[in-house]
Amino acid sequence: MDGERLSPQDQAALLADIGGHDFNAEWERARKGRNTGLGLVIGGGAATLAGFTVLLLGATTSLVGAAIGGSIGAIGGEEGAQQGAEEGAKAGNPLIISGLITSGVGLVTAGVGVPILVKNCDKLNSIVNTHNNGGIPTAQLNFGHTGNGIGLALKF
């Protein structure tokens, strides 16, 4: 408040009476929801990055395996080279599959976390705005593009 961080006791006292309403429980739920959303986004991003890394490692393994298998198989002739290259290319398949699965799970996790994070940050901001407006909840009426075309949107 006014550029200074409030102690937990001061925050609880401030939230206890905003326009005659106690916002402590709502603040705590929104804070926990924000932290959950942030954790999902960070964890999902890390899993996606790790999955892509494993996927690239698998693709590299397949390319190197095909080259080595083709070279060694060439000792047995053209047919041996072809078979060696095919078998060598299969070396990276488990890494490719696990990389795709990990990346997919990470993308889904981050995708779930973003709306949770946004919703709860909006709730926290709404409580702060209610306090700043002297306990009167804010409402906005906007005209513009909506999910169903052009229209009015009431945000409160």
Report task. Please report the closest heavy-atom contact between Val41 and Leu117, naming both atoms and the distance. Result -> CG2-CD2, 4.5 Å
Query raised in the report: Of all residues at least two apart in sequence or in a different chain, which pass the side chain to side chain donor-acceptor pair (under 3.5 Å) check with Asp122?
Result: none
Query raised in the report: Say you draw a straight line from CZ of Phe23 to NZ of Lys123; how long is it, rounded to the nearest 0.5 Å?
Result: 6.5 Å
Query raised in the report: Less than 4.5 Å apart, any side-chain heavy atom of Glu26 and any of His21?
Result: yes
Report task. Could you tell me which residues satisfy side chain to side chain donor-acceptor pair (under 3.5 Å) with Asn35, sequence neighbours excluded, listed by chain and number? Result -> none
Query - Residue list, side chain to side chain donor-acceptor pair (under 3.5 Å) with Asn125, at least two apart or on another chain - result: none
Query - Those residues that, when tested against Arg29, pass salt bridge (charged side-chain N to carboxylate O under 4.0 Å, His left out) (two or more places apart) - result: none
Requested in this report: Is it possible for you to say whether Val118 and Leu124 belong to one hydrophobic cluster, with membership spreading through side-chain heavy-atom contacts below 4.5 Å?
Outcome: no
Report task. State, without any angle test, whether Ser7 and Asp10 hold a side-chain donor-acceptor pair at a distance under 3.5 Å. Result -> yes
Query - Shortest non-hydrogen separation from Ala47 to Gly106 and the atoms involved - result: CB-CA, 3.7 Å
Report summary line: Students should find that the hydrophobic cluster of Ile96, defined by side-chain heavy atoms under 4.5 Å apart, otherwise consists of Phe52, Leu55, Leu100
Query - Residue pair Val128 / Trp27, side-chain heavy-atom distance below 4.5 Å - result: yes
Requested in this report: Find out whether Thr36 and Leu40 are in side-chain contact, i.e. whether some heavy atom of one side chain is under 4.5 Å from a heavy atom of the other.
Outcome: yes
Query - Sequence-distant partners of Lys90, salt bridge (charged side-chain N to carboxylate O under 4.0 Å, His left out), two or more places apart - result: Glu87
Report summary line: So the side-chain hydrogen bond (donor to acceptor under 3.5 Å, both in side chains) pairs with at least one residue in residues 38-65 (sequence neighbours excluded) are none
Query raised in the report: Got a sec, which residues hit side chain to side chain contact (heavy atoms under 4.5 Å, CB included) with Ile68, two or more places apart in sequence or on another chain?
Result: Val64, Ile72
Query - Qualifying residues under salt bridge (charged side-chain N to carboxylate O under 4.0 Å, His left out), relative to Glu86, sequence neighbours excluded - result: none
Query raised in the report: Does any pair with a residue in residues 97-121 pass side-chain hydrogen bond (donor to acceptor under 3.5 Å, both in side chains), and if so which ones, sequence neighbours excluded?
Result: none
Query raised in the report: Taking only residues two or more places apart in sequence or in another chain, which ones pass side chain to side chain contact (heavy atoms under 4.5 Å, CB included) with Ala16?
Result: Asp22, Asn24
Query raised in the report: If you measure from SG on Cys121 to CD1 on Ile116, what distance do you get to the nearest 0.5 Å?
Result: 12.0 Å
Report task. Please go through Leu57's hydrophobic cluster and name the other residues, only I, L, V, M, F, W, Y counting, with side-chain heavy atoms under 4.5 Å joining them. Result -> Val54, Leu95
